> 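To start, I am sharing the structure in question, which I have written as C-alpha cells.
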Amino acid sequence: MKQKIKNMIYNASKDAYDKGDLPSSDFPEIEVEEPNAGSHGDFSTNISMVMASIQKMPPRKIAEAIIKNINDPDGILDKTEIAGPGFINFFLNKYSWHPVLRKIHEQDALYGASDIGKGKKIQVEFVSANPTGPLHVGHGRGAAVGDSVANILLFCGYNVEKEYYINDSGRQISTLGRSVFLRYKELFEADVQFPEDCYHGDYVRDLAGKARDDNGDKLLSMSEEEAISYCARFAAENILSEIKEDLESFGVVFDNWHSEQKLYDSGKVDKIINDFRKQNIIFEDDGALWFRTKDFGDEKNRVVVRSNGLTTYFASDIAYHQDKFDRGFERVIDVWGADHHGYIPRVSAAIEASGHTRDKFNVILIQLVNLLRDGEPVSMSTRSGEFVTLRDVISEVGSDAARFIFLTRHYESALDFDLELAKKKTNDNPVYYVQYVHARISSIARKAQERGISDIVWNDAAISRLTEPEEIQLIKTMARYPEIVRCSAENMEPHRITYYLMNLASAFHAYYNKHRVLTDEAELTLGRLYLVLAIKKIIRNGLSLLGVSAPEKM
RNA sequence: GCGCCUGUAGCUCAGUUGGAUAGAGCAACGGACUUCUAAUCCGUAGGUCGCAGGUUCGAAUCCUGCCAGGCGUACCA
C-alpha cells in the first residue's frame, strides 16, 4: 500500500516536471509514513519540504504541483490535502484496505516473511554459558533474545544457524572438577578443606553424590590429578545436559554446539597463534605472548599466552571467531551480557587481523536482569550459590510468560523481572493479554462452526460489509506487520514485534467489546469472521517469532 | 580517569530511524458482564522528553559540553 503511494508521488512529480510545473527532475528518495494523528490521513509525505531547496520553490507550492498531477487509476484515494509547512496527506478509500485481508489469509504463517536476507549465511551465537553451573535468569534473557533474533532473521530470508559455544576448557573447568572432587571426598572423610574460590552451589554436592553413585569410592584411589580431571569432565557433561534440558523446556533448540576444547584438540588455536606471530600481530614480552589489539583500536594490547604457558580465554576466542568465518558465515552475531562489553574491541581486532571486516561482526549486548519478588530484589549471589535458576523461573511462571517479558524491553535497557507479576493473569502481564486474543478468536470460530458456518473464504459481498472505523483501523494495523518484522530484523530488535502484538491485541479487544462478530446477518458475519481470523493468524505468526505459544483456549 | 549502556507521566516502558497536538500499561478516580471467554472494554486525570548550547523549514531522536545511575576497565573467566 505504501509502495503504491510512493509510486503515485513519483509519477506525479515526473509529470509535473514534464509539464513544467516543477523546474528540476532531481527527486530525492520518497519517504511515506503513517501519521500518528488520524486527522492527518492514512499516509503522509514530506517530499515537498525535502525538495524545497532543490526546486527553489516554497514547499506548499511544490505540494500543489504534485497534487495537481496525481493519477489514481485504481481509485484508492478519497482525497489529498496540503497541511502544515507542506506535508501532503493522503486519505484512502476504506474499501482499498480490504485486499490486505486476502493476502494475510493466503500467506498465513508466512505473512510478513521476506527475502531481504537473500539466503545469506548468518550465525547467531547465544547463551554460551560456561558448563560450571545451572543457567540463571540472565541467561534466560540472552536465550529469549538470541533465539527470537534468529527466528526473525530466518523469517526474513537469512540462512541462520543457532550456535552455543561451550567453554569446556581452561581454569574454570578444573576449578569445577576440584570443587566436585572435594565434595565427593567429604562424603567419605570429615575435615575436608573447601576453599573460597571453589564453586559453592548445592548443585556441586548433587554432582558429587552422583559421582559416588556411579563410582563408589574408586576415585579416592586415583591420583588427585586424575580424580579431579575425571570429576571435571563428569560434572561438565552433566551440567551441560541439564542446560540443554532447560533450554529445550524454554523452547530453545540449537543447531550446533561448538566445543572450545575441540578448537585446542584440532590445533586451531596453536595454528592461529603461530600464524599471527609470523605476521608480528602477536609478539612476546615479559615471557608472555601479546596480541597487538592496540593497533586495531583497542585501548591496550592483550595477553594470549600467559608467562606460565597457559592460554587465556582470548586465545581460543581468536580461533573460534576465525573458525566461524571459515565455516562460511557471512555475518556473525554474538549475544553477550553487557558486563562483557569491554571485550568487543579485542574480538573485533582478532576478526580484522584474520582478514575480515568488522562490520560482519555484531554483538548484541544484553543488559542485566534484576530479579524481584513483589517489588523486592531477590538476592543473586553466585558465590554463595544462592541464586534463582532459569529452571526455577520457568517452573514458577511458565516459559511463555518468561519469554514474553524478556522481550518487552529493548535489550539495551536493564530489566526488572518480577516473579509475582509474571505469574499474574491480569493486564499487568501482557503475555496473557496477547494470547487471550488468540483464544477468544478461536472460541468465536468454534461457535461459528456450531452454527454451521464453516467455509470462511474471501467473498466480495461479505468483505464489503467491513466498514466500521474499528474494522478499517484493524486492517491498517495488520497491513503494517510486514514492515514491523523487517525493521525488527534489520535492527535485530525483537521487542518491536512484542509491542506490535500488544497494539494489535488492544485494537482487537476494543473491537470485540464494541461489535459482535456473530450477528444475525449472514454476510456481515462472514466478513467479520474473515477479519478476526486474519488477526488470529498474525497473532500466531508473531508469537511464534518470539517463541511463545498461541493457545486455542485459556 | 577512560570506555559502553541508561535518563520520557507518580511507577515500568514504547516512540515508525529528523516530522505535525510526545504514546501505552500499572497505580488513582468514575463507569460497562441475561448477548461470541470480564485474563476484556470505555472515560477522567497525569509531561520543562536529565540540564545547557548547536545543526535546520522542523529535534525526545543528530552534534558538543555538563549532571545522575548501572556496568566494565587482569598474564580471571
Side-chain angles (χ1 to χ4, degrees), chain A residues 31 33-37 39-40 44-46 48-50 52-53 58-59 83-87 89 130 132 167 170-173 175 197 285-290 298-300 302-314 337-345 365-368 370 375 408-416 418 421 424-437 439-448 450-451 480 483-484 487 490-491 495-496 498-500 502-503 505-506 508-519 525 528-529 532 553-554:
Chain A
E31 280 178 41
E33 60 180 28
E34 296 166 52
N36 279 322
S39 60
H40 294 141
S44 169
T45 182
N46 60 355
S48 331
M49 275 103 79
V50 180
S53 60
F87 291 103
N89 296 336
N130 291 348
T132 52
N167 291 113
R171 211 175 75 174
Q172 80 281 0
I173 292 294
T175 302
D197 64 348
D285 187 34
D286 254 354
L289 292 182
W290 298 72
D298 199 358
E299 56 190 21
K300 53 175 285 199
R302 307 290 176 177
V303 170
V304 176
V305 181
R306 289 181 272 167
S307 48
N308 63 9
L310 294 176
T311 52
T312 63
Y313 206 87
F314 182 40
D339 52 342
H340 288 70
H341 78 261
Y343 216 73
I344 296 176
L365 280 182
I366 309 228
Q367 291 291 332
L368 85 163
N370 298 307
T408 49
R409 250 157 217 47
H410 193 131
Y411 52 75
E412 276 177 353
S413 314
L415 168 76
D416 290 337
D418 193 308
L421 207 72
K424 278 192 191 164
K425 303 197 167 173
T426 66
N427 220 345
D428 295 347
N429 194 350
V431 64
Y432 300 113
Y433 186 78
V434 173
Q435 287 184 320
Y436 193 41
V437 172
R440 267 187 156 171
I441 296 174
S442 304
S443 171
I444 295 172
R446 284 191 295 271
K447 283 275 179 348
E450 285 168 21
R451 293 194 189 182
R480 273 174 44 222
E483 195 180 336
I484 299 288
C487 280
E490 281 171 354
N491 298 290
H495 77 282
R496 288 171 185 265
T498 316
Y499 275 88
Y500 171 83
M502 293 194 277
N503 200 356
S506 164
F508 168 77
H509 286 310
Y511 175 67
Y512 179 90
N513 275 274
K514 191 163 177 188
H515 302 285
R516 288 189 60 84
V517 173
L518 305 175
T519 67
T525 301
R528 288 184 173 175
L529 277 167
V532 298
K553 279 183 189 170
M554 284 173 76

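Numbers restart at 1 for each chain; the letters A, B, ... are given by sequence-line order, proteins then strands. Keep in mind the model is a prediction, meaning the values are calculated, not measured.
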> To the nearest Å, give me how far apart CG (A:Asn429) and C1' (B:U40) are.
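Between C1' of B:U40 and CG of A:Asn429: 15 Å.
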> With rounding to whole Å, what would you report as the distance between B:G31 and B:U37 at their P atoms?
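Approximately 27 Å lies between the P atom of B:G31 and that of B:U37.
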> Identify whether NZ of Lys or CZ of Arg in A:Arg440 sits under 6.0 Å from the centre of the six-membered ring of A:Phe508 and within 45° of that ring's axis.
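No, A:Arg440 and A:Phe508 do not form such a contact.
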> Taking B:A59 as the reference, what is the distance to B:U8 when you measure between their C1' atoms (whole Å, please)?
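So the two C1' atoms sit 14 Å from each other.
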> Kindly say if A:His495 contacts the phosphate of B:G15, meaning a side-chain N or O under 4.0 Å from OP1 or OP2.
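Indeed, a polar side-chain atom of A:His495 lies that close.
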> Determine the interatomic distance between P on B:G25 and the same-named atom on B:C41; round to the nearest Å.
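8 Å, rounded to whole Å.
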> Please examine the side chains of A:Asn167 and A:Tyr313, heavy atoms only from C-beta on, and report whether any two atoms are closer than 4.5 Å.
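Yes; the side chains approach each other to less than 4.5 Å.
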> Respond yes when some side-chain nitrogen or oxygen of A:Ser413 is under 4.0 Å from OP1 or OP2 of B:A14, and no when none is.
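Checking B:A14 against A:Ser413, a side-chain N or O does come within under 4.0 Å of OP1 or OP2.
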> What nucleic acid atoms does A:Phe87 come within less than 4.0 Å of, heavy atoms only: base, sugar-phosphate, or nothing?
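Since a base atom lies under 4.0 Å of A:Phe87, the category is base.
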> Just by distance, do the side chain of A:Arg306 and the backbone of A:Thr312 share a donor-acceptor pair under 3.5 Å?
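Such a contact is absent between A:Arg306 side chain and A:Thr312 backbone.
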> Quick one: label A:Asn36 by what it contacts on the DNA or RNA (base, sugar-phosphate, nothing), any heavy atom closer than 4.0 Å.
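Result for A:Asn36 = base.
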> With rounding to whole Å, what would you report as the distance between B:A9 and B:C49 at their C1' atoms?
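The same atom, C1', in both gives a distance of 10 Å.
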> Starting at CG of A:Asn46 and ending at C1' of B:G18, how long is that distance when rounded to a whole Å?
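Atom-to-atom, A:Asn46 to B:G18, this comes out as 9 Å.
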> Using whole Å, report how far CD1 of A:Ile444 lies from C1' of B:U35.
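Value for this atom pair: 13 Å.
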> Just how far, in rounded Å, is C1' of B:G23 from OH of A:Tyr500?
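Nearest whole value for this atom pair: 17 Å.
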> If you pin A:Arg440 and A:Glu483 to their nearest nucleotides in RNA chain B, which one's is more 5'?
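Its nucleotide being nearer the 5' end, the pick is A:Glu483.
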> Are the side chain of A:Thr525 and the backbone N or O of A:Thr519 linked by a donor-acceptor pair below 3.5 Å?
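Yes, because the side chain of A:Thr525 sits within donor-acceptor range (under 3.5 Å) of the backbone of A:Thr519.
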> So if I take every side-chain heavy atom of A:Ala510 and compare against B:C42, B:C36, B:C57, which nucleotide ends up nearest?
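The closest nucleotide is B:C42.
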> So what does A:Arg409 touch, heavy atoms closer than 4.0 Å: a base, only the sugar-phosphate, or nothing?
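The answer is sugar-phosphate, as A:Arg409 gets under 4.0 Å only of primed atoms, P, OP1 or OP2.
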> With distance as the sole test, does A:Tyr499 use its side chain to make a donor-acceptor pair with the main-chain N or O of A:Thr408 at under 3.5 Å?
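Yes; judged by distance alone, with no hydrogens or angles, the pair exists.
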> What is the distance from atom OH of A:Tyr500 to atom NE2 of A:His495, rounded to the nearest 0.5 Å?
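It is 15.5 Å, given to the nearest 0.5 Å.
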> Counting heavy atoms from C-beta on, name the nucleotide in B:C57, B:G70, B:C4 closest to the side chain of A:Leu368.
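Of all the options, the side chain of A:Leu368 is nearest to B:G70.
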> How far does the P atom of B:G50 sit from the matching atom of B:U16, given to the nearest Å?
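Comparing P positions in B:G50 and B:U16 gives a spacing of 15 Å.
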> Between A:His410 and B:A14, do the rings stack, that is, sit under 5.5 Å apart with planes less than 30° off each other?
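Whether judged by distance or by angle, A:His410 falls short somewhere, so it does not stack on the base of B:A14.
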> Base, sugar-phosphate or nothing for A:Ala414? Non-hydrogen atoms, less than 4.0 Å.
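The residue A:Ala414 makes sugar-phosphate contact but no base contact.
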> Would you check if the side chain of A:Gln435 reaches a backbone N or O of A:Met554 as a donor-acceptor pair within less than 3.5 Å?
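Flag not set: sc A:Gln435 to bb A:Met554 has no pair under 3.5 Å.
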> Grab the NE2-C1' distance between A:His509 and B:A39 for me, whole Å please.
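After rounding, the gap between these two atoms is 8 Å.
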> So, OP1 or OP2 of B:C26: does either fall under 4.0 Å of a side-chain N or O from A:Lys424?
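Indeed not, no polar side-chain atom of A:Lys424 lies that close.
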> Rounded to the nearest Å, what distance is computed from the NZ atom of residue A:Lys553 to the C1' atom of nucleotide B:U37?
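For the pair A:Lys553 NZ and B:U37 C1', the rounded distance is 11 Å.
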> Of all the heavy-atom pairs spanning A:Gly86 and A:Ser48, show the shortest one and how long it is.
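Between these two residues, the closest heavy atoms are O-OG, 3.1 Å.
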> With no hydrogens and no angle check, is any side-chain donor or acceptor of A:His509 less than 3.5 Å from a backbone partner on A:Tyr436?
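No, A:His509 side chain to A:Tyr436 backbone: no donor-acceptor pair under 3.5 Å.
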> Between A:Asn503 (CG) and B:C13 (C1'), how many Å, whole number?
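In whole Å, B:C13 C1' and A:Asn503 CG are 14 Å from each other.
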> Under 4.0 Å, heavy atoms only, any strand: does A:Ala83 hit a base, just the sugar-phosphate, or nothing?
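Base, at least one base heavy atom under 4.0 Å.
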> Any side-chain heavy atom of A:Val304 sitting closer than 4.5 Å to one from A:Thr311?
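Answer no - side chains too far apart.
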> Is A:Ser44 touching bases, backbone alone, or none of the nucleic acid, heavy atoms closer than 4.0 Å?
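Base contact - A:Ser44 has a heavy atom under 4.0 Å of at least one base atom.
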> Measuring from A:Leu518:CG to A:Lys447:NZ, what's the distance to the nearest 0.5 Å?
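The NZ atom of A:Lys447 is 8.5 Å from CG of A:Leu518, to the nearest 0.5 Å.
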> I need the minimum non-hydrogen distance between A:Pro59 and A:Pro85, along with the two atoms involved.
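Looking at all heavy atoms of both residues, the closest pair is CB-O, 3.4 Å.
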> Please map the stems of RNA chain B, keeping only stretches of three or more Watson-Crick or G-U wobble pairs with both distances under 3.5 angstrom.
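Stems found: B:1-7 with B:67-73, B:10-13 with B:23-26, B:28-32 with B:40-44, B:50-54 with B:62-66.
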> Using O4'-C1'-N9-C4 for purines and O4'-C1'-N1-C2 for pyrimidines, with syn meaning within 90° of 0, is B:C33 syn or anti?
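Syn conformation for B:C33.
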> Please produce a list of atom pairs where a protein N or O lies less than 3.5 Å from an N or O of nucleotides 1-3 of chain B.
from	atom 1	to	atom 2	distance (Å)
B:G3	N2	A:His341	NE2	2.4
B:G3	N3	A:His341	NE2	3.4

> Do A:Thr45 side-chain atoms and A:Glu31 backbone N/O form a donor-acceptor pair below 3.5 Å?
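A pair under 3.5 Å: yes.
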> Please list, pair by pair, any protein nitrogen or oxygen found under 3.5 Å from a nitrogen or oxygen in nucleotides 74-77 of chain B.
from	atom 1	to	atom 2	distance (Å)
B:C75	O2	A:Ser307	N	2.6
B:C75	O2	A:Ser307	OG	2.8
B:C75	N3	A:Ser307	OG	3.2
B:C75	N4	A:Asp286	O	3.2
B:C76	OP1	A:Arg306	NH1	3.1
B:C76	OP2	A:Arg306	NE	2.5
B:C76	OP2	A:Arg306	NH1	2.8
B:C76	O2'	A:Arg171	NH2	3.2
B:A77	OP1	A:Arg306	NH2	3.3
B:A77	OP2	A:Tyr313	N	3.4
B:A77	O3'	A:Gln172	OE1	2.2
B:A77	O3'	A:Gln172	NE2	3.1
B:A77	O2'	A:Asn130	ND2	2.8

> How far apart are the closest heavy atoms of A:Leu421 and A:Asn429, and which atoms are they?
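The pair with the smallest heavy-atom distance is O-ND2, 3.5 Å.
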> Tell me whether the side-chain N/O atoms of A:Tyr511 come closer than 4.0 Å to OP1 or OP2 in B:C36.
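Indeed not, no polar side-chain atom of A:Tyr511 lies that close.
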> Using a 4.0 Å heavy-atom cut-off across all strands, classify A:Asn89 as base, sugar-phosphate, or nothing.
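Base, at least one base heavy atom under 4.0 Å.
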> Provide the distance between the two C1' atoms, one in B:U21 and one in B:G15, to the nearest whole Å.
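B:U21 and B:G15 have their C1' atoms separated by 15 Å.
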> Quick check: does any side chain N or O of A:Asp286 sit under 3.5 Å from a backbone N or O of A:Ala288, one acting as donor and the other as acceptor?
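It does not hold such a pair.
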> Need to verify one output field. Residue with the more 5' nearest nucleotide on RNA chain B, A:Thr519 or A:Leu415?
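The residue whose closest nucleotide sits nearer the 5' end is A:Leu415.
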> Could you work out which one of B:C36, B:G19, B:C41 sits closest to the side chain of A:Asn513?
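The nucleotide sitting nearest to the side chain is B:C41.
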> Nearest of B:C57, B:U37, B:U6 to any side-chain atom of A:Pro85?
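The listed nucleotide nearest to A:Pro85's side chain is B:C57.
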> Write down the distance separating the C1' atoms in B:G46 and B:A22, rounded off to the nearest Å.
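After rounding to an integer number of Å, I get 14 Å for this pair.
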> Would you measure the distance from the C1' atom in B:A20 across to the matching atom in B:C4 and give it in whole Å?
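Between the two C1' atoms, the distance is 35 Å.
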> Using atom CD1 of A:Ile344 as one end and atom P of B:C71 as the other, report the distance to the nearest whole Å.
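Atom-to-atom, A:Ile344 to B:C71, this comes out as 18 Å.
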